[in-house]
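In what follows, every chain begins at residue 1, and chains take the letters A, B, ... in the order their sequences are listed.
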Amino acid sequence: MKSAPRIAIASGKGGTGKTTLAINLALSMSGPRQLLDCDVEAPNARLFLPLPALGAPTEVSVPIPTFAAERCQACGACVRFCAFNALALVGKKPMLFPELCHSCGGCIHLCPQQAIDEKPRRIGLISRFADGPLHLLEGRLDVGVAIAPPLIRALRATARPDLPTLIDAPPGTSCNVVAALSGCDQVVLVTEPTPFGLHDLALAVEMARALSLPCGVVINRLGIGDDRVHRFCQAEAVPILAEIPDDRRIAEAYAQGQPLIEALPALRPTFTALLAALHLH
Amino acid sequence: MKIAFSTSGGGLQGPLDPRFGRAARFLVYDLHDASSTEVDNSVNLNAAQGAGIQSAQRLVDLQVQALITGHCGPKAYRVLEAAQIAVYPCQAATIAEALALYQAGKLTPLAGPSVDGHWV
């Protein structure tokens, strides 16, 4: 079975309109589809899509080491090995700083006494929401947890492979974004026509190329700034898939949690055309 | 008894570095014979994370009994506390001045970390 299309919405610069675009694309589609809110440090898609919950949230954990005191010889091999500086050895007793652990499992494998086992550490929750054919999956990282990619990967693995999928990525070009984009069919980069927008767009295009993902650009708030984003896209042969005007009514609708295409039906054709450009419907 | 000082180098007349985890060097002073040695800490100065923890581990391995520095965060403090290394915060400009204050009994050890961590 051929898997359904997976389109990621990313940006580089934060606050350019990723979630706005993802929500309105999801609402413009017909038939069964799913939206994944992968911005797990600040998931907000559900503010605009208050769909009913589908079951209880699922806990996501990562493995961290736990030490068997009776077998540990305090050789310090684990402390010296840990590239993340998450371990210390004091008074023949290993100490773990779980918030620094990347769950690589290296200490467990190399302990000569086999004195280290795994135990789970909860890092966040995955919630499912649905209303008819529209599904929303949300990852929410626990407060104080600094390592998001395992939660984003778990969220991606929870999604149904048979449904067309929109992925609302975190901002930036960090590991979190790479975890959200890997394995997608293409990436839509949302930017604004400002120097900041252009600077981070250039980084995002570079990231998409490093991941061998085709990308196109949506320019939001057209009318502010200058034409350098347009010139960049032309020079780099990156297609501009859509443009959304700078309009106070859009900001007002957003501030009230109202989807754009409901507040401003005149924008519907923009999203319909964008869906067609992305081979979605 | 051995005391560690955070510093950027230069012996006893060198500056007391207010940073602990990312200090470039540590000067270890032995009260027993008034000798001192310096150890490089650039590995931790350049660490992506966990600099305080590993700098504290360094002092544990050097078997010092006290640390004189500017500030100490919660993770480093947890390691130092477990090793019963007393942490004396000090604003002195040089190690020599900090040592004089310590020997005059004018420094008070911390009962907990003096600054917050980067997370939580």
Query - Structural part of A/Leu87 lying under 4.5 Å from a heavy atom of chain B - result: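 Contact with chain B: backbone only.
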Query raised in the report: For the side-chain hydrogen bond (donor to acceptor under 3.5 Å, both in side chains) test, which of A/Gln34, A/Arg6, A/His135 pairs with A/Thr165?
Result: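 That would be A/Gln34; it is the only one of A/Gln34, A/Arg6, A/His135 passing the side-chain hydrogen bond (donor to acceptor under 3.5 Å, both in side chains) with A/Thr165.
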Query raised in the report: Do A/Phe84 and A/Phe97 have their ring centres less than 6.0 Å from each other?
Result: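 No.
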Requested in this report: With sequence neighbours left out, write down each residue that passes side-chain contact (heavy atoms from CB on, under 4.5 Å) with B/Ala96, or none if nothing qualifies.
Outcome: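 Scan of B/Ala96 (side-chain contact (heavy atoms from CB on, under 4.5 Å), adjacent residues dropped) gives B/Gln13, B/Thr94.
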**Report entry** Part of B/Ala83 lying under 4.5 Å from any heavy atom of chain A
**Finding:**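 Its backbone and side chain both get close to chain A.
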Query - Part of B/Val60 within contact of chain A (heavy atom distance under 4.5 Å) - result: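 Interface part for B/Val60: side chain.
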Query raised in the report: Looking only at atom types and distance, does a side-chain atom of A/Arg140 sit under 3.5 Å from a main-chain N or O of A/Gly124, one as donor and one as acceptor?
Result: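 Not a single qualifying donor-acceptor pair exists.
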Query raised in the report: Between A/Gly76, A/Cys82, A/Ala88, which has the largest tally of heavy atom pairs under 4.5 Å with chain B?
Result: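 Result: the option with the highest number of such pairs is A/Ala88.
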